[in-house]
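Input: a single structure, listed below in structure tokens.
The residues of the chain are indexed from 1 along the displayed sequence. Keep in mind that what you see is a predicted model, and the values were worked out from it rather than measured.
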Amino acid sequence: MRKITLFILSILGVCLLESCTQEWYVSTSFHEPATDGLRFIYSQDAVHWDSVAGVWLTPQVGKQRVMRDPSIIRTPDGTYHLVWTSSWRGDRGFGYASSKDLIHWSEERFIEVMEDTSTVNVWAPELFWDEDRSQAMIVWASCVPFKFEKGIEDENNNHRLYYVTTKDFQTFSKAQLLIDPGFSSIDAVLLKRAKDDYVMVLKDNTRPNRNVKVAFAKHPEGPWGEASKPFTGEFMEGPTVAQTKDGYYIYYDRYRIGDFGASFTKDFIHFEDVSDRVSVPPLHKHGTIFKAPKRDVKRLLQQTKP
């Protein structure tokens, strides 16, 4: 009898452990016109997505107080860190808040990062956890007029990608240029594949391209190699990546069509358009895919939000 009891307890322990450690995919989102705030969608397979009802944080910082391009990472201490675009024009920084459960959020802060420049904007801050250096990187796009060769872009729309690092989200390094690919670029997401093997997925924002490309580096802070040829059609933005056991799903906002497209890749060299195989609920706009413990997602789904 004692052996049976111990066996049952061990099975329950394994089940409890799996319940605590199993992770689901979550993506930040917003609805136009981006004044209501943070939304979520979630998935168990990175292919079929459902909405999490409600708005979970209302923007309170920035000149225009919008919340566009929300990005979240979960650091090793279990804290969720959120950054977002707080204005279309005029802001020299971005919004920030943190949470332990995706439900209750800290007081919002405005993080100024381009204070010593004549920048027009700070767009699409994207978080990346650099596990080798135990620090976060925040990457964003800014337009500093007359700083770069503009091609056919207007001086107020000629973006490049910048970054800062932080270990505590209290102090930040000085903003630095991350990559100048030779064209106006925005919406960059970073990921690590292996030691000394990093990938950047970014949007070429020049006319008439407005498509998505990739670049490679041995270090997240660069130097980054030449951007690839595009693997999407035109008028795509806000790429984000979900890694599965089979490869990587790259989602992007097809903003002229009004839905999401997706490409599948195993090597970031060969891409397959799988837009007809994925499903994202309507109205959702681009954010960042991250993984969260199943218990956190279920708790989120059980909450009632207006």
Side-chain angles (χ1 to χ4, degrees), residues 23-34 38-53 68-72 84-85 123-124 126-128 139 141 159 161 181 183-191 193 199-216 227-292 297:
E23 293 181 314
W24 284 359
Y25 298 93
V26 182
S27 180
T28 53
S29 175
F30 67 97
H31 288 182
E32 295 289 11
L38 177 65
R39 296 178 183 271
F40 294 111
I41 57 176
Y42 75 101
S43 173
Q44 296 184 47
D45 60 7
V47 176
H48 304 96
W49 296 83
D50 290 308
S51 296
V52 177
R68 306 185 67 84
D69 322 301
S71 174
I72 284 179
W84 67 90
T85 304
W123 277 1
E126 183 76 26
L127 286 159
F128 170 74
V139 179
H159 296 80
L161 293 160
F183 52 81
S184 179
S185 50
I186 64 173
D187 295 351
V189 59
L190 308 186
L191 64 140
R193 291 192 294 181
V199 180
M200 176 189 297
V201 186
L202 71 159
K203 179 187 177 183
D204 180 343
N205 200 43
T206 55
R207 298 173 180 83
N209 298 320
R210 309 297 168 93
N211 49 37
V212 183
K213 301 177 176 181
V214 297
F216 303 93
S228 70
K229 293 180 179 180
F231 64 88
T232 71
E234 297 176 359
F235 306 109
M236 313 292 178
E237 66 183 9
T240 186
V241 183
Q243 182 178 0
T244 69
K245 61 181 178 61
D246 299 317
Y248 302 86
Y249 287 88
I250 307 173
Y251 283 84
Y252 35 86
D253 191 333
R254 303 193 292 190
Y255 57 95
R256 284 209 168 178
I257 299 174
D259 67 0
F260 276 86
S263 293
F264 179 79
T265 183
K266 293 185 177 182
D267 55 12
F268 290 91
I269 297 173
H270 306 92
F271 301 89
E272 179 186 5
D273 188 341
V274 293
S275 302
D276 59 347
R277 301 183 206 167
V278 303
S279 59
V280 177
L283 301 180
H284 287 285
K285 300 294 291 180
H286 54 272
T288 298
I289 296 172
F290 61 100
K291 284 186 175 181
V297 183

Residues in ring-ring contact (aromatic ring centres under 6.0 Å, His included) contact with Tyr251, at least two apart in sequence or another chain:
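Applying ring-ring contact (aromatic ring centres under 6.0 Å, His included) to Tyr251 gives Trp49.
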
By ring-ring contact (aromatic ring centres under 6.0 Å, His included), His31 pairs with (sequence neighbours left out) His284

State, with a plain yes or no, whether a side-chain heavy atom of [X] is found less than 4.5 Å away from one of [Y].
{"X": "Ile250", "Y": "Thr240", "answer": "no"}
{"X": "Ile72", "Y": "Thr288", "answer": "no"}
{"X": "Phe260", "Y": "Tyr255", "answer": "no"}
{"X": "Val214", "Y": "Leu202", "answer": "no"}
{"X": "Gln44", "Y": "Glu23", "answer": "no"}
{"X": "Phe235", "Y": "Asn211", "answer": "no"}
{"X": "Ser275", "Y": "Arg254", "answer": "yes"}
{"X": "Glu126", "Y": "Asp187", "answer": "no"}

[X]: salt bridge (charged side-chain N to carboxylate O under 4.0 Å, His left out) partners, not counting sequence neighbours:
{"X": "Asp273", "answer": "none"}
{"X": "Asp253", "answer": "Lys285"}
{"X": "Arg256", "answer": "none"}
{"X": "Glu272", "answer": "Arg277"}

Tell me whether Ser228 contacts the main-chain N or O of Lys213 through its side chain, where contact means a donor paired with an acceptor under 3.5 Å.
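No, Ser228 side chain to Lys213 backbone: no donor-acceptor pair under 3.5 Å.
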
Between Arg193 (side chain only) and Asp267 (backbone N and O only), is there a donor and an acceptor less than 3.5 Å apart?
yes

Exercise for review: Test side chain to side chain contact (heavy atoms under 4.5 Å, CB included) on Val212 and Phe231 and set out the steps.
Suggested key: CA-CA 6 Å; Val212 183; Phe231 64 88; 3.6 Å; yes

Quick one: pull up [atom1] in [X] and [atom2] in [Y] and give me the separation to the nearest 0.5 Å.
{"X": "Trp123", "Y": "Ile186", "atom1": "CH2", "atom2": "CD1", "value": "6.0 Å"}
{"X": "Ser27", "Y": "Lys291", "atom1": "OG", "atom2": "NZ", "value": "14.0 Å"}
{"X": "His48", "Y": "Ser279", "atom1": "NE2", "atom2": "OG", "value": "5.0 Å"}
{"X": "Ile289", "Y": "Leu191", "atom1": "CD1", "atom2": "CG", "value": "11.5 Å"}

Side chain to side chain contact (heavy atoms under 4.5 Å, CB included), that's the test. Do Thr28 and Leu38 meet it? Break it down for me. CA-CA 7 Å; Thr28 53; Leu38 177 65; 4.1 Å; yes

Check [X] against [Y] and note the closest heavy-atom contact, atom names and distance.
{"X": "His159", "Y": "Ser184", "value": "N-OG, 2.9 Å"}
{"X": "Ala227", "Y": "Pro181", "value": "CB-CB, 4.5 Å"}
{"X": "Pro239", "Y": "Val189", "value": "O-CG1, 3.8 Å"}

In chain order, what residues pass the side-chain hydrogen bond (donor to acceptor under 3.5 Å, both in side chains) check against [X], with sequence neighbours excluded?
{"X": "Asp276", "result": "none"}
{"X": "Arg210", "result": "none"}
{"X": "Thr206", "result": "Asp204, Asn209"}
{"X": "Asp69", "result": "Thr85, His286"}

| query | Can you pull the salt bridge (Lys or Arg N to Asp or Glu O under 4.0 Å) pairs that have at least one residue in residues 40-49, sequence neighbours excluded? | reply |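 Those involving residues 40-49 do not exist here.
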
Fill in: Where at least one partner belongs to residues 234-251, residue pairs that pass salt bridge (Lys or Arg N to Asp or Glu O under 4.0 Å), sequence neighbours excluded
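The answer is Lys203-Glu237.
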
* Does the gap between the ring centers of Tyr25 and Tyr42 come in under 6.0 Å? -> no

Practice item. Show the numbers, then the answer: is there a side chain to side chain contact (heavy atoms under 4.5 Å, CB included) between Phe216 and Met200? Key: CA-CA 6 Å; Phe216 303 93; Met200 176 189 297; over 6 Å; no

Does the cation-pi check pass for Lys266 over Phe271, that is, NZ or CZ under 6.0 Å from the six-membered ring centre and within 45° of its axis? no

>> With side chain to side chain contact (heavy atoms under 4.5 Å, CB included) as the criterion, how do Asp50 and Ile41 come out once you've worked through the C-alpha distance, each side chain's angles and the decisive distance to 0.1 Å?
In response: CA-CA 5 Å; Asp50 290 308; Ile41 57 176; over 6 Å; no

task: Tell me, with the steps shown, if Ser263 and Tyr249 meet side chain to side chain donor-acceptor pair (under 3.5 Å).
output: CA-CA 6 Å; Ser263 293; Tyr249 287 88; over 6 Å; no

Geometric class of the Phe40/Phe290 ring pair [parallel <30°, tilted 30-60°, perpendicular >60°]: perpendicular

